Engineer: 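Have a look at the structure that comes next, please.
Side-chain atoms are counted along with the backbone in the values below, which use heavy atoms only and exclude waters and symmetry mates. Along the sequence shown, the residues carry numbers beginning at 1. Every value quoted in this text rests on a predicted model; they were computed, and no experiment measured them.
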Amino acid sequence: QVQLVESGGGLVQAGGSLRLSCAASGRTFSTYTMGWFRQAPGKERESVALIDRNGDSTAYADSVKGRFTVSRDNAKNTVFLQMNSLKPEDTAIYYCAASEIFFLAPAAYRYWGQGTQVTVSS
């Protein structure tokens with residue numbers, strides 16, 4: 001079992017930055033691909049970014065490429081999402097999740113956090 005807790009969400013102005021953190025419990029954190037997902041009101045959950053167990057490979061949604069950066073610190077069982085140049089359309093609940101494979105689809109992720117709200121004002 002893996003438990004995930006997101007933090008760092010809040011209200012920011014368009015063009016601003018925010019860093020989300022996801023703290024994981026368990027002794028096998030370093031064996032999981034970690035992903036970030038988001039869900040806006042009236043929309044389906046979508047993939048944002050993912051990072052493999054070593055932190056050597058990453059993938060991003062086209063909508064966030066060049067603006068968001070995912071990283072991890074396995075010694076602290078934590079994954080991060082640095083969000084720059086935020087836009088109102090980035091407003092959503094952001095979730096972190098753990099998968100045993102490097103894959104974009106939300107269905108590949110077995111464990112999920114509770115989510116943290118990110119609101120970007122215009």
Side-chain angles (χ1 to χ4, degrees):
Q1 295 296 122
V2 176
Q3 292 183 326
L4 306 171
V5 179
E6 303 95 335
S7 62
L11 174 64
V12 298
Q13 294 183 350
S17 297
L18 204 61
R19 189 172 84 152
L20 305 183
S21 298
C22 176
S25 64
R27 300 178 181 179
T28 58
F29 174 75
S30 63
T31 70
Y32 290 97
T33 287
M34 298 298 298
W36 285 98
F37 303 83
R38 66 187 183 188
Q39 188 164 21
K43 299 180 65 177
E44 295 183 351
R45 186 171 299 181
E46 63 177 346
S47 301
V48 176
L50 64 150
I51 185 167
D52 74 352
R53 70 186 193 276
N54 300 316
D56 294 327
S57 298
T58 59
Y60 298 91
D62 288 341
S63 60
V64 306
K65 286 181 179 177
R67 300 189 297 121
F68 291 10
T69 302
V70 62
S71 61
R72 68 191 296 164
D73 184 345
N74 286 346
K76 297 184 177 181
N77 280 14
T78 305
V79 62
F80 305 95
L81 184 67
Q82 179 67 46
M83 305 185 294
N84 298 326
S85 302
L86 283 162
K87 305 174 181 179
E89 52 262 44
D90 294 319
T91 295
I93 300 175
Y94 283 71
Y95 301 88
C96 67
S99 172
E100 295 182 350
I101 60 172
F102 188 78
F103 198 70
L104 286 171
Y109 291 77
R110 178 175 295 183
Y111 305 105
W112 293 81
Q114 84 290 344
T116 185
Q117 177 71 47
V118 172
T119 302
V120 184
S121 64
S122 60

Engineer: Which word best sums up how the rings of Trp112 and Tyr95 line up, parallel for under 30°, tilted for 30 to 60°, or perpendicular for over 60°?
Structural biologist: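 Trp112 vs Tyr95 ring planes: perpendicular.
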Engineer: Could you check if a side-chain atom of Leu50 sits within less than 4.5 angstrom of a side-chain atom of Phe103, using non-hydrogen atoms only?
Structural biologist: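 They are not in contact (no side-chain heavy atoms under 4.5 Å apart), so the answer is no.
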Engineer: Check Val120, Thr91, Asp90 against Val12 for a side chain to side chain contact (heavy atoms under 4.5 Å, CB included) and give me the one that passes.
Structural biologist: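 Looking at Val120, Thr91, Asp90, the match for Val12 under the side chain to side chain contact (heavy atoms under 4.5 Å, CB included) is Val120.
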Engineer: With a 4.5 Å limit on heavy-atom distance, are the side chains of Gln13 and Ser121 in contact?
Structural biologist: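 Yes; the side chains approach each other to less than 4.5 Å.
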Engineer: Run the side chain to side chain donor-acceptor pair (under 3.5 Å) test against Asn74 and tell me which residues pass, sequence neighbours left out.
Structural biologist: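 Asn74 satisfies side chain to side chain donor-acceptor pair (under 3.5 Å) with Arg72 only.
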Engineer: Is the closest side-chain heavy-atom distance between Tyr109 and Thr33 below 4.5 Å?
Structural biologist: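 With C-beta onward as the side chain, the pair touches.
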Engineer: Provide the closest heavy-atom pair for Ala97 versus Leu4 in the form atom of the first, atom of the second, distance.
Structural biologist: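 In this case the closest contact between Ala97 and Leu4 is CA-CD1, 3.6 Å.
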Engineer: Under a 4.5 Å side-chain heavy-atom rule over Ile, Leu, Val, Met, Phe, Trp and Tyr, are Val48 and Tyr111 clustered together?
Structural biologist: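 Both belong to a single hydrophobic cluster.
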Engineer: Would you say Phe80 ends up clustered with Phe102 if hydrophobic residues are merged whenever their side chains have heavy atoms under 4.5 Å apart, either directly or through other cluster members?
Structural biologist: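 Phe102 and Phe80: separate clusters.
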Engineer: Calculate, to the nearest 0.5 Å, the distance between atoms CG and CD belonging to Leu11 and Gln117 respectively.
Structural biologist: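 Going from CG on Leu11 over to CD on Gln117, the span is 9.5 Å.
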Engineer: Assess whether atom CD of Glu89 is packed by more than 12 heavy atoms of other residues, nucleotides or ligands within 6.0 Å.
Structural biologist: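 For Glu89, atom CD is crowded (more than 12 foreign heavy atoms under 6.0 Å).
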Engineer: Enter the distance from Asn77:CG to Cys22:SG here, rounded to the nearest 0.5 Å.
Structural biologist: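 Interatomic distance, Asn77 CG to Cys22 SG, rounded to 0.5 Å: 10.0 Å.
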Engineer: Any side-chain heavy atom of Met34 sitting closer than 4.5 Å to one from Phe29?
Structural biologist: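 With C-beta onward as the side chain, the pair touches.
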Engineer: Show the nearest heavy-atom pair for residues Ser17 and Ser85, with the distance to one decimal.
Structural biologist: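 Smallest interatomic distance, heavy atoms only, reads OG-N, 4.3 Å.
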Engineer: Quick one, Tyr94 and Glu6 - any side-chain contact, counting heavy atoms below 4.5 Å?
Structural biologist: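 No, side chains not in contact.
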Engineer: State, to 0.1 Å, how close Ala14 and Pro88 come at their nearest heavy-atom pair, and which atoms those are.
Structural biologist: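 Scanning both residues completely, I find the closest heavy atoms to be CB-CD, 4.1 Å.
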Engineer: Minimum heavy-atom separation for Ser21 to Thr78, with atom names?
Structural biologist: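 What the structure gives for the nearest pair is CB-CG2, 4.4 Å.
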Engineer: For Leu18 and Gly8, work out which heavy atoms get closest and say how close.
Structural biologist: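 In this case the closest contact between Leu18 and Gly8 is CG-O, 3.4 Å.
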Engineer: Show which side-chain atoms of residues 54-64 pair as donor or acceptor with protein atoms under 3.5 Å away, not counting sequence neighbours.
Structural biologist:
| residue | atom | partner | partner atom | Å |
| --- | --- | --- | --- | --- |
| Tyr60 | OH | Val70 | N | 2.9 |
| Asp62 | OD1 | Lys65 | NZ | 3.1 |
| Ser63 | OG | Arg38 | NH2 | 3.4 |

Engineer: Thr69 side chain to Gln82 main-chain N or O, any donor-acceptor pair under 3.5 Å?
Structural biologist: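 No: the side chain of Thr69 does not pair with the backbone of Gln82.
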Engineer: When rounded to the nearest 0.5 angstrom, what distance separates OG in Ser71 from CG in Leu81?
Structural biologist: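 It is 8.5 Å, given to the nearest 0.5 Å.
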Engineer: With rounding to the nearest 0.5 angstrom, report the SG to CZ distance, Cys96 to Phe37.
Structural biologist: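 Between Cys96 SG and Phe37 CZ, I get 10.0 Å after rounding to 0.5 Å.
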Engineer: Is the shortest heavy-atom distance from the side chain of Met83 to the side chain of Val118 under 4.5 Å?
Structural biologist: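 Yes - at least one pair of side-chain heavy atoms lies under 4.5 Å apart.
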Engineer: How long is the span from the OG1 atom in Thr119 to the CD1 atom in Ile93, to the nearest 0.5 Å?
Structural biologist: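 It is 9.0 Å, given to the nearest 0.5 Å.
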